[in-house]
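Here's the structure we're looking at; comments come further down.
Because the structure is predicted, anything quoted here is derived from the model rather than measured.
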Protein chains: 2
Amino acid sequence: MRTEGRAKRLPRAVRERQIMDAAVDVFSRLGFHAASMDEISEVAGISKPMLYAYLGSKEELFATCIRREATRMMEAIATGVEPEQEPDVQLWSGLRAFFGFVGENRASWQVLHRQASTQGGPFAAELADMRGRAVSLVAALLTQSTKAPATKLEAESLAAALVGAGESLAEWWLDHPEEPAGVVAARLMNLVWMGFGDLVEGNVWHPPSRR
Amino acid sequence: MRTEGRAKRLPRAVRERQIMDAAVDVFSRLGFHAASMDEISEVAGISKPMLYAYLGSKEELFATCIRREATRMMEAIATGVEPEQEPDVQLWSGLRAFFGFVGENRASWQVLHRQASTQGGPFAAELADMRGRAVSLVAALLTQSTKAPATKLEAESLAAALVGAGESLAEWWLDHPEEPAGVVAARLMNLVWMGFGDLVEGNVWHPPSRR
DNA sequence: CCTGGTACCTACTCGCGAGTAAGACTACTG
DNA sequence: CAGTAGTCTTACTCGCGAGTAGGTACCAGG
C-alpha cells in the first residue's frame, strides 16, 4: 500500500506489464468511459505522465489491452485442442479450454467482451477479428465432420451461432460464478451437440471414457 | 429541423414520451456514459431543464428507459406464443417473436441489453429481472415437455443457456443486419432443438406444415 | 384585463478527468 | 566525479458535461 513518495526504479518492460495488468483490472471493473487514467496509474503504482509516456492515450491503452487479452485467450484454446481427434471430442476440448480460460481470467474476459463490444470504433473491430478467428476454427471442425452436403456458408453461420452461444454463456456465467467451469462447458456441449429434442428424451452426450 | 426558438407548448404526457424516445435513441447509439443530457434534450427538441423537471437525473432517466423497453419486449413475446401448442412449436413462436422484436427495435435492444448489462448497479438488476422472467418461461416449457426424469434445476439451467444463446445471437445479429429475422430464428431453433450431432447428419427441424 | 400556474428558456456554476510542461532523482559510463 | 540517458514526479491547463438559478412566453379563469 504505497500512498506517497517515489516509485522504485524499474526497467521499462516490467513497468509496462504492471501498467497493462492494472489497466485490464480497472477497465474490467469500471468500463472504458468510467475508468480514469488517474485510477489506472494509481493501481499501477506510478504517476500519470508515466502512463502517457509508455502506453500513449487512453484509447491506445485500451486497444492494447484488448489485443493482449485476445491473444492470450486464443492461445489457451489452441493449446487445449488436438486436431487429430474426433470432431465431438475436439469441440469438447475447445469448450473446456475456453471456459477454463474465462474462469481463471474473469477480468480479461470482461474487458475483452463486455467492454470492447460496447465501445464502438476500432475496439469492436479488434474484437470482431478475434471472433472471426474463433468462428473459422469451429467452421473447419464442422466441415471436416459433416457427411451431409452442407455448404461452406451454412457451416460458417452455424459456427457463428455456436461461438455466440459460448460467448453468451460465458457472459451469463459472470453473473453466476458458483458453477464450476466443467459443468458450464458440459451444458453447452450437450445443448449444441444433442439439442433439446434429444435431451428431453433423456439422450445425453458424454465424453469417450476418462480423459 | 429546429435549431432555435421556443418549442411548441405540449401537455406533459406527450413531452415525456418524446423525451423517452429520444433518450432510448441516444443511449443506444452512444452508451450510458458517452450520452449527454444536452444531446438527449436536443434530439427531443426541448431544453435541458425540461428534461430534469420531467424525468429527473440521468440515472433515473436511464432506468426508466430500461423498464419501459423490457416491458415492451416481454409483451411482444407473450402475445406471440400460444400455450396449448406443442413444445417445439411454442419455442419456435417464441423465438420468432423475440427476433422479430429485436429486428424492429434495434435501439431498444441495444439500450436494454448491451448498455444495461455493462453499467453496474440497479441497471443490471433491472435487466436480470427481465431475464429471470424469460428463463422461467422457457423452463416451464421444458419441464412440461420432458418425458425423462429431469430435475427442476436442470431445466432451469438449460433454459438459462437457451436464453443466453438467444441474447447472444441477437447481439451477433446487430453486427450482421443483412440477415432476415426468420433465418436467424430458424438457425437458433435448429441448433438448440436438433444439435450439431443431428445437423451434420443432415437431420433438420422444420415447422409443422405452413403457418 | 389581470392573476396565477404550467410549459419553456438562456446562461450560468462546478467538479472531474484527459493530457502536458517542466523539472528532479537515479544509475551507469567514462 | 562529471555527464548523460532514462525513470519518475508535482502541479498545472482546459474542455466537457451534470445539474441549477432565475427568468420569459403562453393559456386558463375570473
Checklist line | Test item: side-chain donor near acceptor, A:Q110 and A:S28, under 3.5 Å | finding: no
Notebook entry, point to check: Is the backbone of A:Q90 close enough, under 3.5 Å, to the side chain of A:Q85 for a donor and an acceptor to pair up by distance?
Noted result: no
Check: Hey, is CZ on B:R17 packed in by over 12 heavy atoms from elsewhere, all under 6.0 Å?
Finding: no
Notebook entry, point to check: Between B:D38 (CG) and C:dT13 (C1'), how many Å, whole number?
Noted result: 14 Å
Notebook entry, point to check: Sub-3.5 Å donor-acceptor pair from the side chain of B:E60 to the main-chain atoms of B:S57, do we have one?
Noted result: yes
Next item on the list: Might you confirm whether atom CZ of B:R106 has over 12 heavy atoms from other residues, nucleotides or ligands at distances under 6.0 Å?
Entry: yes
Next item on the list: Begin from the C-alpha positions of A:W109 and A:F99 and carry the test ring pair (Phe, Tyr, Trp, His ring centres under 6.0 Å) through to its verdict.
Entry: CA-CA 10 Å; A:W109 178 253; A:F99 283 102; 8.8 Å; no
Notebook entry, point to check: For A:F32, is the NZ or CZ atom of A:K58 found under 6.0 angstrom from the centre of its six-membered ring and inside 45 degrees of the ring axis?
Noted result: yes
Note to self: Tell me whether A:E75 is salt-bridged to A:R72, with the criterion being a basic N under 4.0 Å from an acidic carboxylate O.
What the structure shows: no
Next item on the list: Would you tell me if any nitrogen or oxygen in the side chain of B:S36 comes within less than 4.0 Å of OP1 or OP2 on D:dG17?
Entry: no
Next item on the list: Please name the pair of heavy atoms, one in A:A35 and one in A:F27, separated by the smallest distance, quoted to 0.1 Å.
Entry: CB-CD2, 3.7 Å
Next item on the list: Identify the two heavy atoms, one from B:L162 and one from B:V192, that lie closest to each other, and give their separation to 0.1 Å.
Entry: CD1-CG1, 3.7 Å
Protein N or O to nucleotides 22-30 of chain D N or O, pairs below 3.5 Å:
from: D:dT24; atom 1: O2; to: B:R6; atom 2: NH2; distance (Å): 2.6

Next item on the list: To the nearest Å, give me how far apart CZ (B:R12) and C1' (C:dG5) are.
Entry: 14 Å
Notebook entry, point to check: In whole Å, what is the span from the NZ atom of B:K8 to the C1' atom of C:dC9?
Noted result: 18 Å
Check: Contact class for A:A34 (heavy atom, under 4.0 Å): base, sugar-phosphate, or nothing?
Finding: nothing
Margin query: Tell me the interatomic distance from A:K48, atom NZ, to C:dC16, atom C1', rounded to whole angstroms.
Written below: 10 Å
Notebook entry, point to check: Rounded to whole angstroms, how far apart are CZ on A:R15 and P on C:dT26?
Noted result: 14 Å
Next item on the list: Measure the spacing between CE of B:M73 and OG of B:S108 and express it to the nearest 0.5 Å.
Entry: 10.0 Å
Item checked: Interatomic distance where CG belongs to B:L10 and P belongs to C:dC9 [whole Å] -> 11 Å
Notebook entry, point to check: Taking DNA chain C as the partner, which of residues 50-63 of chain A come within under 4.0 angstrom of it by heavy atom?
Noted result: A:Y52, A:S57, A:K58
Check: Between residues 16-26 of chain A and DNA chain D, which residues have a heavy-atom gap below 4.0 Å?
Finding: none
